[in-house]
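Owing to the predicted nature of the structure, the values given are computational and were not obtained by experimental measurement. Convention: sequence-line order gives letters A, B, ...; per-chain numbering from 1.
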Amino acid sequence: VQEQRGKGINEEEIVNFRLATAGAILACAAVAAAGCGSSSSKGGGATSGGASTPKNASTVTPAMAANPSGNVTWCIGKDTTGAFSQVVKLYNQSHPNVHVRLLELPTSADQQRTQLVQREQAKSPECDVLGMDVIWTAEFAAQGWLKDVTPAIQARSSEFIPSTVKTTEINGKNWAIPFNTNAGLLFYNKGKIHTPPTTWQQAYQMAKSSGGIGFQGQSYEGLTVNYLEMLFSAGGSVLSPDGKKATIDSPQAQQVLAFMQQGLKSGAAPQANLTYMEEESRNAFQTGKVSLLRNWPYVYALARQAKVNFGVEPLPTWAGGKPASVLGGYNLGISAYSKNPGAALSFINYATEPAAQKKFFIKSSLPAVVASVYHDPAVIKAQPFAPPLLKAVESGQARPVSPVYPQISEAIYKNVYSALSSGTSPKSALSQAQSQINSALKTF
Amino acid sequence: VATAQATLARPRQRRRSGLPERRLAAAMVSPSLIVILIVAAFPIGYAIWLSLHQYSVIHPGLSRWVGLDNYRDALGSGSFWSAVKVTFIFTAISVTLELALGMGMALLMHAAFKGRTVLRAVVLVPWAILTVGTALTWKYIVSPDSGFFNQILKALHLPGANKVWLAENGYAMTVMVIADVWKTAPFMALLLLAGLQVIPEELEDAARVDGASAWQRFVKVTLPLLRPAILVALIFRTLDALRIFDLPYVLTQGSNGTTTLSLYSYQQLTQNRLIGPGSALAVLTFIIVMAVSFVYIRFAGENIRQMAAEK
């Protein structure tokens, strides 16, 4: 008995220890995310005395790009169609003194951002040219990771579609150069709808009798975009012109939200929209579950492959409102830690001139930021949605350009979602969003 | 580490040299302890350090010491407590179901029949699938447009054929629980099966001779002897379930009452880049998980001590 008891206690000790270790390891994983993902620069450093962009940021002028030489690295999301590397090759051929290298980041936008943030936080000079989603531009500028490219934009201001330049602008300065743009379009099934709607009210009316309208209604960034498209058209806004106060708790915002709520209730927009992101809603359209669809231009080629008989138009407007859309796309910035900003600018200019823009548009379906490209017959042949898209982009608005944009967007999509899915009243959802945005704006 | 522990502790029969041997054991364990310290303790310490600061998203490179402010904010916010509630509800329901189902599967696999080995391997397949894969699969299964769940309901003329399961409070959580149970019940079953196999058959036979019914044999003989295995399985599953992230991230993005603690801290930390508050949430998650595992370990220790005493 003695022997057995001894053994028992022994085992207990082992078990205890094993469990403790296992517990500790498992639990650690919860915190590990914090440990690895967030190596942040410590205080001290360059302060900016309250301004939201650094005052001492260095400026890149067109003159610096006159005689480019040396190495440049372009960091941007995966080159899925080969157009990026093609343009890099052409540039290198025509500029023998410069060698541009393409560094491909992951496909997912979140991953791209994380990778760029890590490099910039480490003050890495590896990436000279940063490919940034339009909604990160403000954050990157505020963190002092970008060079001021205002003179470079001014020198070419007549070339760009003005709305796309807006996405690069903070405190009256430009921190990046538009690279490609994007705007939502309305796809409609020609078998079910003969004349496309021109107002959202008409669209929902038609949807009710023809199979429904699809949009991106999951609780994520896409819902913010969908909501803002209607809100901007109805004349509403998110922030005051000086960007210091939330203005989303407005009568227009309430009307728009109530309208979307009603659309789901009446069946004009199927409940399934609340689970849709881009791809799910595209599937619903292609399989005939909905007859109208708000989505990005990429749907065009895929729906055509799927042999859907459909048409495409700029987004409807709010009845009595103005045309509006919300811009997507990428900007190219020059890293504050770049050792070769002149050549970087030379390359950016090359990549944003009509010739290269046409290539990106045709080959990769990346809509150009230069208006003339949209009228090019070769472009229209390859991307027949170019004319409606140009209209959409021209009337496009930037999402709030703010370093705390992720929090602003979260306040919008979470509260809009709760109004749409669990019937929170538009009034209380929006006043909640308003106060959350206001506290986000006070973020240190 | 666990196996190293087991092999180290065994040659204890040579009792004469008690203390030096303990020291030797300590020396031999120390390399792995150092590795654990570097791999585990450093990130924890660093996360705690981060959680006591605020890192500016407006002013480049600026940070400030805020003491426990981030914790005060988290504990005072409705989002945190709702995430705690969601996490615990999810854990309680899914782990209970997994235990019940896993027990059934283990008993079945324990019975001797042809093809038992194959079944044991097959049963583990769901567990071998990545959680993200599981989540995507279930998202597709319950999708209102093309998912087969609604198609089956429609074919059988049952109610709910047009329901959007993931867009409603309650149902979204239900799908999440089902996906988790589907994936991890086999794991539970495997752990319990291992426990079942070390129970001597003679005990069962003796009970049978004494005239105990199948249910009595299960409750009075199998279950008590299985207790340590059950506890280990429960600890593993509970700690895992408390940290659930992939399922809500893929299935619902945290909508409709499925924002768990891990998802919430991810949103704060990665999406909003609120490093201080996000780290505080991660540390709170860590504390909660530690507290729960501590309770379990106390309970497990107590239990095994009791069993030893009974012997």
Exercise. Relative to chain A, which of B:R64, B:Q54, B:K139 shows the most heavy atom pairs under 4.5 Å?
Worked result: B:R64
Problem set entry | Residue list, side-chain hydrogen bond (donor to acceptor under 3.5 Å, both in side chains) with B:N272, at least two apart or on another chain | A:E410, B:Q268
Exercise. Would you say the side chain of B:W165 lies within less than 4.5 Å of the side chain of A:T275, judging by non-hydrogen atoms?
Worked result: no
Exercise. Considering only heavy atoms, which portion of B:I287 lies under 4.5 Å from any heavy atom of chain A: side chain, backbone, both, or neither?
Worked result: neither
Problem set entry | Exceeds 12 heavy-atom contacts within 6.0 angstrom, atom OH of B:Y171 | no
Seminar exercise, completed: Whatever's closer than 4.5 Å to a heavy atom in chain A on B:Y266 counts as side chain
Problem set entry | A:Y413 portion near chain B, given a 4.5 angstrom heavy-atom threshold | side chain
Problem set entry | Polar side chain donor-acceptor pair, A:K414 to B:Q267, under 3.5 angstrom | yes
Problem set entry | Part of A:Y276 within contact of chain B (heavy atom distance under 4.5 Å) | side chain
Exercise. Partners of A:Q271 by side-chain contact (heavy atoms from CB on, under 4.5 Å), sequence neighbours excluded?
Worked result: A:L264, A:L274, B:V164
For this session: List the atom of B:L166, the atom of A:Y417, and the distance in Å for their closest heavy-atom pair.
Result: O-OH, 4.4 Å
Exercise. Of all residues at least two apart in sequence or in a different chain, which pass the side-chain contact (heavy atoms from CB on, under 4.5 Å) check with A:S418?
Worked result: A:S422, A:T424
For this session: Measure distances from B:K163 to the heavy atoms of chain A and classify the residue's part below 4.5 Å as side chain, backbone, both or neither.
Result: neither
Exercise. Do you know which of B:N169, B:T270, B:L261, B:L274 has the most heavy-atom pairs with chain A at a distance under 4.5 angstrom?
Worked result: B:L274
For this session: Select all residues of residues 215-223 of chain A having any heavy atom within less than 4.5 Å of some heavy atom of chain B, and report them by number, or 'none'.
Result: A:Q218, A:S219, A:Y220
Exercise. When rounded to the nearest 0.5 angstrom, what is the spacing between CD in A:E280 and OH in B:Y140?
Worked result: 11.0 Å
Exercise. Okay, side chain of B:E168, backbone of A:S421: is any donor-acceptor separation there less than 3.5 Å?
Worked result: no
For this session: Give the intermediate values and the outcome of side chain to side chain contact (heavy atoms under 4.5 Å, CB included) for residues A:Q407 and B:Q271.
Result: CA-CA 8 Å; A:Q407 288 182 71; B:Q271 278 175 6; over 6 Å; no
